[in-house]
Amino acid sequence: MYGNGTVTLSVPLGKYSIEGSLYSADPAGGAVSYAADLFSVPNIEVSDRDQTFTVDGTTATDLSVKIKGEKRPLENGQVTTFVVRDPGTAGGYSSFAGIGNLLNLADTRQGAIPSAGATTGALRLETALARREPLVQLEVTGPGHVTIPLKSSVNAKRFEGTKHTELVDLGAGTEQDFAAADVKGKTVLVSVADVTKADDQATRAAAAGAVAMIVAPADPGPSGSGVPAGQTIPVAHATYDNAATLKGLLAKHKVRIALKGILESGYTYNPHFTDDRIPADLAKTVDVKEFAKVTNTFHSDGARRLGAEYMNVWGPLQVTTGSVGQPLYQGTTRDDYFLAGTGVTYQPSVSANFNSSTWQMNGQRATYLTPGKSYTRSWFDAPMRLSQYEFGPCVFCRADVWQKLPGSNGADNDPTHTLSGLTGTWSYYLNGKPITGFGQLAQEKADYRYVLDQKLTTDVPGVTLGRQMRTEWNFSQAAPTTMAIKDCDTAFIPTPKVCESMPMILLDYDLPLNVLNQARAGLPYTFTVDAGRPKGWTGSTAMAGAKVSVSYDDGATWKEAKVLRKDNNSFQALLRHPKLADTNGYVTLKTEAWDAGGSRTTQTITRAYALK
């Protein structure tokens, strides 16, 4: 049931529960919703008598989280809230209603309407509310000292450092307002009817030489954010009340401000809470000592880019969850704190572009057991390569009824990450001749060549590295005769009688690159190549040799690197990059590794990393 009006349903007699969400418009008619609230009527027994149940939106309370012991400034970030009805056991049937918002982008209140507990089954409120370092902060430095919280638009120009400027009130920010004032080198405050549409004012402010603009609602009501991409000055958003405070100061004095900006939040907190009903008070407090820390480095391709991150969170009994895409400026490092020892599960994913999920890196679910423990993780750490992750017992394996090959997902330096967006085309050869499928594999020992071509077929702004890969595996193998891989006969359908791993060589890399996936041009460079075996392999992992070549013109010409052995299956490549002007700005990487049994893998990654 959606919208307003009346809905009539005919249902069998019995016990029922109604869950839903209620959205309240801004009383002043603004573009931003005043509130979004969940509700539950958990104990309804449809019988042979009339009954009335009321959901009273005026009793709703707002979600809030205090991080006890954290002295640094915080703002609300992504929030997701689910009211759930289920049997109360993990993994069972679940019925739910949920809402999510980015509270760092709008002042919409998010909360819920108190409910009774469930007399049958279980009723839970599952809430995840992130707290994060604000991107923009304003402090009045004279007269007096007043701190004004601000919100940042998705597409607003980000800046790093502090701008000390004079603040000027330009009313609605019309052409006449700008013509009548000198705003060069100053920050302008404008008040508009629709805070999501301040495009013209931002353009005028930049043309007049202002260093920044602050947008506020012209009438009492919630604030929001929204300016188009391409603005040349920072734009931030203030509430109606805070703008009124600034205007009161401006009516009496010249006002000096310090406008502090950062490229990306340097720290976030990700607490999750479970209540056995919708409580009368949704204010929560959690101590900093209850969190584990993950230092995340978000790599980018030669220049910083605006992407998105998604954080799915599950309580211990929660089956379904969701996420809202939080803008993420990549080419940065951040400390993320997760509640530990509570059974809460987190799963992050990161997209390279805020408006596209094509080039998206997905992580695995993680549950943090020990408060105070620290971890490090990286995202889009070049070079992109074929994903070797497999949930089943083997990656490359052959049975009597099928052969198992990896998908066309990519990966980065974290073996548990999978990158979507690449399309893969397989080619197969038996004793040098093309074959088309499993039915053409030889029973006797034969020579095979498998080729996987992977490409990013849809352009994604900000993605320049790892868009094309070609991997070629050469090996010899006869049909399997044993069940050599544990659990192979239970993990896949149809069930095989015999299953053996293919003698493939898989390549991995450890390249010392900066956060923009760059190496220095004109200097010596050393990196590591690891030649491993796929999951399920039980034979020798030793390699007979390796060869590494690099190209600075996307593979038109090649230069061989010096290769030194590190151990049985690892090698060190040594080379000297030419001057940047003698390259196209990128390094294409071709790597070969072989063993004593005749298996050889050659992998070419076009534009594996960038030069600077």
Side-chain angles (χ1 to χ4, degrees), residues 381-390 393-398 403-406 410-416 426-429 431-432 445-454 466 469-478 480 484-485 500-513 524-551 555 558-575 587-606 608-609:
D381 189 1
M384 299 304 106
R385 80 272 330 245
L386 175 68
S387 173
Q388 300 182 25
Y389 176 73
E390 167 59 41
C394 57
V395 177
F396 282 96
C397 48
R398 180 179 171 186
Q403 63 174 334
K404 175 73 174 64
L405 304 177
D412 60 1
N413 206 33
D414 187 323
T416 66
W426 284 91
S427 303
Y428 312 97
Y429 301 86
N431 293 329
K445 190 170 186 179
D447 294 331
Y448 294 93
R449 179 161 63 98
Y450 284 10
V451 181
L452 174 60
D453 285 298
Q454 296 170 275
M469 288 178 276
R470 179 181 176 87
T471 308
E472 180 179 315
W473 294 272
N474 291 271
F475 62 101
S476 296
Q477 189 178 36
I485 300 175
E500 295 177 1
S501 182
M502 298 178 182
M504 304 299 212
I505 297 171
L506 301 183
L507 298 175
D508 206 359
Y509 307 86
D510 185 5
L511 274 63
L513 301 169
Y525 187 64
T526 302
F527 62 90
T528 299
V529 174
D530 293 311
R533 299 293 191 175
K535 183 178 181 180
W537 177 260
T538 57
S540 172
T541 59
M543 294 293 122
K547 177 182 177 181
V548 175
S549 302
V550 293
S551 173
W558 294 95
K559 182 178 180 180
E560 189 173 336
K562 184 178 181 180
V563 175
L564 302 177
R565 180 181 289 276
K566 291 184 67 176
D567 53 37
N568 273 349
N569 62 342
S570 296
F571 301 87
Q572 197 169 50
L574 298 87
L575 56 103
V587 180
T588 293
L589 188 61
K590 181 193 291 184
T591 306
E592 299 176 58
W594 57 93
D595 64 14
S599 293
R600 178 185 294 263
T601 294
T602 303
Q603 186 172 70
T604 302
I605 305 174
T606 303
Y609 59 99

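Every heavy atom of this structure was used, including side-chain atoms; hydrogens, water molecules and symmetry mates were not.
- Every residue two or more places apart in sequence or in another chain that forms a side chain to side chain donor-acceptor pair (under 3.5 Å) with E592 is listed here: R600.
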query = Could you go step by step and tell me if Q388 and V395 meet the side-chain contact (heavy atoms from CB on, under 4.5 Å) rule?
reply = CA-CA 7 Å; Q388 300 182 25; V395 177; 5.7 Å; no
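- Side chains of R470 and V451 form a contact here, defined as non-hydrogen atoms less than 4.5 Å apart.
- Residues meeting the ring-ring contact (aromatic ring centres under 6.0 Å, His included) test with Y525, sequence neighbours left out: F527, H577, Y609.
- D447 places no side-chain N or O within 3.5 Å of a backbone atom of N431 that could act as its donor or acceptor partner.
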task = Could you give me the CA-CA distance, side-chain angles and deciding distance for T602 and K590, then say whether side-chain contact (heavy atoms from CB on, under 4.5 Å) is met?
result = CA-CA 7 Å; T602 303; K590 181 193 291 184; 4.1 Å; yes
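- The shortest non-hydrogen separation linking S549 to E560 is OG-CA, 4.0 Å.
- Looking at F475 and T601, their side chains never come closer than 4.5 Å, going by heavy atoms from C-beta outward.
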key: Audit row: D414, D381, side-chain contact (heavy atoms from CB on, under 4.5 Å) steps and yes/no   = CA-CA 8 Å; D414 187 323; D381 189 1; over 6 Å; no
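- Between G598 and D595, the closest heavy-atom pair is N-OD1, 3.1 Å.
- One distance of note links OG of S599 with CH2 of W594; it measures 13.0 Å at 0.5 Å rounding.
- Nearest heavy-atom pair, I605 versus M384, reported as atom, atom and distance to 0.1 Å: CD1-O, 3.4 Å.
- Expressed to the nearest 0.5 Å, how far OG1 of T606 lies from CE of M469 amounts to 9.5 Å.
- When all heavy atoms of G410 and S387 are compared, the closest pair comes out as O-CB, 3.4 Å.
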Only distances under 3.5 Å count here; give the side-chain donor-acceptor pairs of residues 501-509 to other protein atoms, sequence neighbours excluded, each with its distance to 0.1 Å.
| unit_1 | atom_1 | unit_2 | atom_2 | d |
| --- | --- | --- | --- | --- |
| S501 | OG | F396 | O | 3.3 |
| D508 | OD1 | R385 | NH1 | 2.2 |
| Y509 | OH | Q603 | OE1 | 2.7 |

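- Not a single donor-acceptor pair under 3.5 Å links the side chain of K566 to the backbone N or O of T528.
- Side-chain contact annotation: Y450 with Q403, donor-acceptor N/O pair under 3.5 Å present.
- Nearest heavy atom pair, residue E390 against residue K535, reads O-NZ, 2.9 Å.
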query = For Y428 and L405, what are the C-alpha separation, side-chain angles and deciding distance, and is it a side-chain contact (heavy atoms from CB on, under 4.5 Å)?
reply = CA-CA 12 Å; Y428 312 97; L405 304 177; 3.7 Å; yes
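- Nearest heavy-atom pair across A608 and A382 is O-CB, 3.4 Å.
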